[in-house]
Structure formats: structure tokens, C-alpha cells
Novice: 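Got a structure for you, written out below as C-alpha cells; questions coming shortly.
Heavy atoms only: backbone and side chains are in, while hydrogens, waters and symmetry mates are out. A, B, ... follow the sequence lines: proteins, then strands. Residue 1 opens every chain.
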Protein chains: 2
Amino acid sequence: MKVSEVADLVGISVRTLHYYDQIGLLTPAYTDLTGYRVYSDQDLEKLQQILFFKQLDFPLKKIKEIMNDPDYDQNEALEMQRNLLLEKRNRLDQVIKTINKSIRYRKGEVTMSKKEKFVGFDFSKNPYKAEARKRWGDSTVDQTNEKLERMNAQDKKAFQDQFNDIYRKLAEIRHIDPASEMAQKEIKKWYDYLNKIGNYPPTVFKGLGQMYVEDERFTKNIDQFGEGLAEFMCAAMEEFADRNK
Amino acid sequence: MKVSEVADLVGISVRTLHYYDQIGLLTPAYTDLTGYRVYSDQDLEKLQQILFFKQLDFPLKKIKEIMNDPDYDQNEALEMQRNLLLEKRNRLDQVIKTINKSIRYRKGEVTMSKKEKFVGFDFSKNPYKAEARKRWGDSTVDQTNEKLERMNAQDKKAFQDQFNDIYRKLAEIRHIDPASEMAQKEIKKWYDYLNKIGNYPPTVFKGLGQMYVEDERFTKNIDQFGEGLAEFMCAAMEEFADRNK
DNA sequence: ATAAGCTATAACGCAACGTTAGAGTCAAGA
DNA sequence: TCTTGACTCTAACGTTGCGTTATAGCTTAT
């Protein structure tokens, strides 16, 4: 298929296809001798994937990165995208609720607090930041916290002390090579700690590490122990996961 | 309220508020003597409106234009936004259906045509292009066409001849002043023609005119009678509406 | 009074295309 | 066969909606 055929089929512009080719996101199957782009059915499949991601406001760079990952599995991706889309619809429902209430508010039928008027918008929580959480299942730090809350006071304290110890030590050595034995030994403690509470196989552990630097909320929290700690941990965790997979 | 208070409340950045001020989309109630922006509760209401529009992918320019219109009615706007949001949710549901089917397709459970794989995306139909259609109710040219189809052949031909006459004449004079008596006389014929078929009060008539230049599909069709005709008609229709409201 | 945290303007940066501009290609009809 | 209109290419600049420094004034607490 030629450019405009594809463009018409999926409802995007020719320029968009040119651009995707240019940035290496979607290279046509081949170009004929006159330089015309020719797309295969496989290319269409890939394009469909891309558009799903776009619906979820993933930046093109991220999309490329994700789809180039040797571990990329289309079935897994489809499942993930479905979840994210459902999440997106929930947010949309929130916005619709807000607007419904706003209409009634204008009629004087109900009251609305300032906060309420903006429920559902939530521009800060880009769906793609929740990606890691979804992609790596539900084993997030948040869950860890939940579990901690269900423990008794004594155990809780013990765990929190451990937590602090681990972080403080990591903060101390945060300027050395993350792949060094020293760093790996300490990061293993973090790995073991997590696995006392939940189930974190190496791949999940690695994904968690990436979240530390990609989600500012985590970065901030972690960097309270020392600036750059999140980045250091991310690198160390990646190395650890690669060694132990 | 100061900038960051507003920003925190609604979940947008300070820079965004600065920018909205800069382009005159949302000017704070006043600035104190040191130059600090101070937002009122009314400003918050307006900001809410803006964010609703943004959810619908209206460009900021459009939002500004719409909200600056002296005819702008917040209640009407809220109703419209609600409709558009519902529409958006329907499209999202379509995408979700498509992805569900894609998952089953990958498992070999069902077949999918090429077109089917892209149902719901439809980037060409930006919601804001449907704006006019929604805003001015359901009295669109499309409806006109529908009505025409339900007429018998004779009447139909008579109407189409009339239609052609009107357009040809308008095309002939399309370089004169749209506000001139000549132009206004001819555009009145178009107005009367439409009102024989449907119900087009002046405001609707005006909106229709704008659609001629904003929706390329209309522009193309109309300009077949002569390049620039759509623009000419739009101007004439606006003038006509202003005189007859 | 000095630091920490807020505010301001100004200016550059950036993604994801849209929009010309200039030139080659292809399909169909006169 | 020639031409004409529709399609294609690359190249390059323009646009939107901010993010991101950088520099400087303000405000509040210690």
C-alpha cells in the first residue's frame, strides 16, 4: 500500500507517516525504485499498535523505545493498552460527572467545593506514568505501604528501621559505580527486603527501579536520603536484575 | 489566590497560568502592586470551562474565541461540552472494542478486516470540527440532504435547480463586497431556500456560514462553484445574520 | 538580616506534526 | 504520444502549548 492509501484507511495524514518514517518509528516494508514508500500488512499492524499508544498519550519516543525492546510482546502490550484505556474511560467518566454536577450547580441545585470543580482533569497523572505500575503487574511500592499498614506496631517499626538502614547506606555510597560489588551487595538487601513483603522477580525489580527516576513522586521521596539516590538505585537495580535473571 | 495555589488546586503548572495570561485566555482578576497575579473565584470558574474545552482538544485560540463571543452562554457551553464528552466516550468505547477484538484476533478466534483494525481512532474528525454541528443543534446541511432524499423526483429536481441557480449567482459576484446590497440580496435567497427545507434562524445561519470555511469538506464542495466562494458566503451570511437578528 | 521559598519577566527549547515549495512519477484521456 | 491532473518525494520553515533555565525582586521565619 502507498502512503495515501494507508493514510486514508487509518485516518491520519501523509505527513504523519512521513514523520514516523523519519524518526524511525514506522519504516515502510520497502521503498520502490522511484522512492515511493510501500507499506505491508505487518506495517499496518504496527501502526495500529502505535495508535493505541498514542490514544494513551505516550510520547512517540516512548512508543519507539517500548516497541524496540527485545522483550516487547504484542499480546502483553495489547492487554496493557486495554487496561490503560479502561482507566482512561474512568477518568473521562469522572470529568462527565463533574460537568453534570457543574450544570446542576449553575442552576443552584447543589453546592460545589473548589476542589470538586476540577475532579477528573488530573493532567499531572499522565497515563503513561502509570505504565510501569501496570506493565509490571500490581507489585508497586504503594502495595508495599499497604501491607505495612496491616502489620502490628512492633513488626512495622522493625521493618521501617530496616528500610531506613538500607536507604541510608545506599545514600552513603551513591557516588560509586552501581555495578560494583559494594553497590550490588547493598542493592541486594533492598531486593531481599522487598521480597520479604511481596513478590518481586528481577524483571519487576528492574521496572521498579526505572519508575524511581521516571515518576517524580518517587524521585522526590527517595532523593530525600541524598540527591541522586534514585538514579543510583535505578542503575544498580538494573544491573542486579540483569545478573540475576 | 496566587498562582501556585491555583495551580495546585486544579493540577496544572504555574507556567500554564502564565501562558494563559500571556495569550489573554485567562487574565487574573488583578495584579497587586508588586506584580503578583491574584485570581478570583470567577477566574476559577472560567478556568474550569477552559479545561473542559481542553479535554475536548479544542485549540486554545478557539477556546479564547468562543469564550470571548458576546453571545457566549456558559450554560449552553456546559451542555455542549457534556454532549461532546459523551461523544468522546463513545469513541473511546469504540477503541476499546477494537482492542478487544484485536486481542481475540491475535489468538485466531476471529477475523478482522483492515478497516476494522482502526475503528474508533478517527483523528481526522477532531471533536472541535463537530462543534458547529453540535452547537447549532441538528440543523446541518447533512440534514438538508436527508430531507431532499425523502422528496419525490420532481420536487427534488426543482429544489436542486434552485440550489444550483443560487450558487452560480453567488459564485459570479463572489468578488464584490459581501456586505453590499447585491450580495445581501443573493444571500437572502440562500437563507430563504434553507428555510423552506428546515429551520434556520439567523444565529444558526451564521454558524453554518462559519462551518463553510472551517470544515474543509464543505469548503471543497462549495468552492467547486468558484474558488473563494465559501469564504465569500461565510462573510455574507455573517453580515446577513447580524442585520436580521 | 539572612536564608528559604515564592513571584516576575525573558528567552530558548521541544514534540508532533502542518504547511508551503520545488521537482519527479504515474494513469488516463484527447 | 502527449499532456494533464493526481500522487509522490525531500527539504525546510512555521505553529501550538507549554517545559525549562536564568536572572531578579518579594516575603516570611528564624
Novice: I'd like to know if the side chain of B:T98 pairs up with that of B:E116 as donor and acceptor (distance under 3.5 Å, no hydrogens or angles considered).
Specialist: no
Novice: Show the nearest heavy-atom pair for residues B:L17 and B:L47, with the distance to one decimal.
Specialist: CD2-CD2, 4.3 Å
Novice: Rounded at 0.5 Å granularity, tell me how far CG in A:L92 sits from CD in B:Q55.
Specialist: 6.0 Å
Novice: Would you kindly give the CG-to-P distance between A:L51 and C:dA16, to the nearest whole Å?
Specialist: 13 Å
Novice: Taking NZ from A:K62 and P from C:dC14, how many angstroms apart are they, rounded to a whole number?
Specialist: 19 Å
Novice: Using whole Å, what does the distance between atom P of nucleotide C:dA16 and atom CG of A:L26 come to?
Specialist: 15 Å
Novice: Taking all atoms of both residues into account, what is the closest heavy-atom pair of A:L9 and A:M1, and its distance?
Specialist: CD2-CE, 4.2 Å
Novice: Each nucleotide in nucleotides 15-28 of chain D should get exactly one letter: B, S or -. Can you fill that in based on protein heavy atoms under 4.0 Å?
Specialist: -SBBBB----BSS-
Novice: Check this for me: does any side-chain nitrogen of one of B:K117 and A:E45 sit under 4.0 Å from a carboxylate oxygen of the other?
Specialist: yes
Novice: Are A:D165 and A:R168 close enough for a salt bridge, meaning some N to O gap below 4.0 Å?
Specialist: yes
Novice: A:I176 and A:F232: which non-hydrogen atoms are nearest, and at how many Å?
Specialist: O-CE1, 3.6 Å
Novice: May I ask you to check whether A:Y72 and A:Q49 show a side-chain donor-acceptor distance below 3.5 Å?
Specialist: yes
Novice: Figure out the CE/C1' separation between B:M1 and C:dT7, and round it to whole Å.
Specialist: 16 Å
Novice: Figure out the CD/P separation between A:Q22 and D:dC13, and round it to whole Å.
Specialist: 13 Å
Novice: Using atom CG of A:D57 as one end and atom P of C:dA15 as the other, report the distance to the nearest whole Å.
Specialist: 16 Å
Novice: Compare side-chain N and O positions of A:H18 against OP1 and OP2 of C:dC17 and report whether any pair is under 4.0 Å apart.
Specialist: no
Novice: What integer distance in Å separates B:D8:CG from C:dC6:C1'?
Specialist: 12 Å
Novice: Any idea which heavy atoms bring B:G24 and B:K64 closest together, and the distance?
Specialist: O-CE, 3.7 Å
Novice: Rounding to 10°, can you tell me the angle the first-five-pair axis of the helix from C:dA1-D:dT30 to C:dA30-D:dT1 makes with its last-five-pair axis?
Specialist: 0°
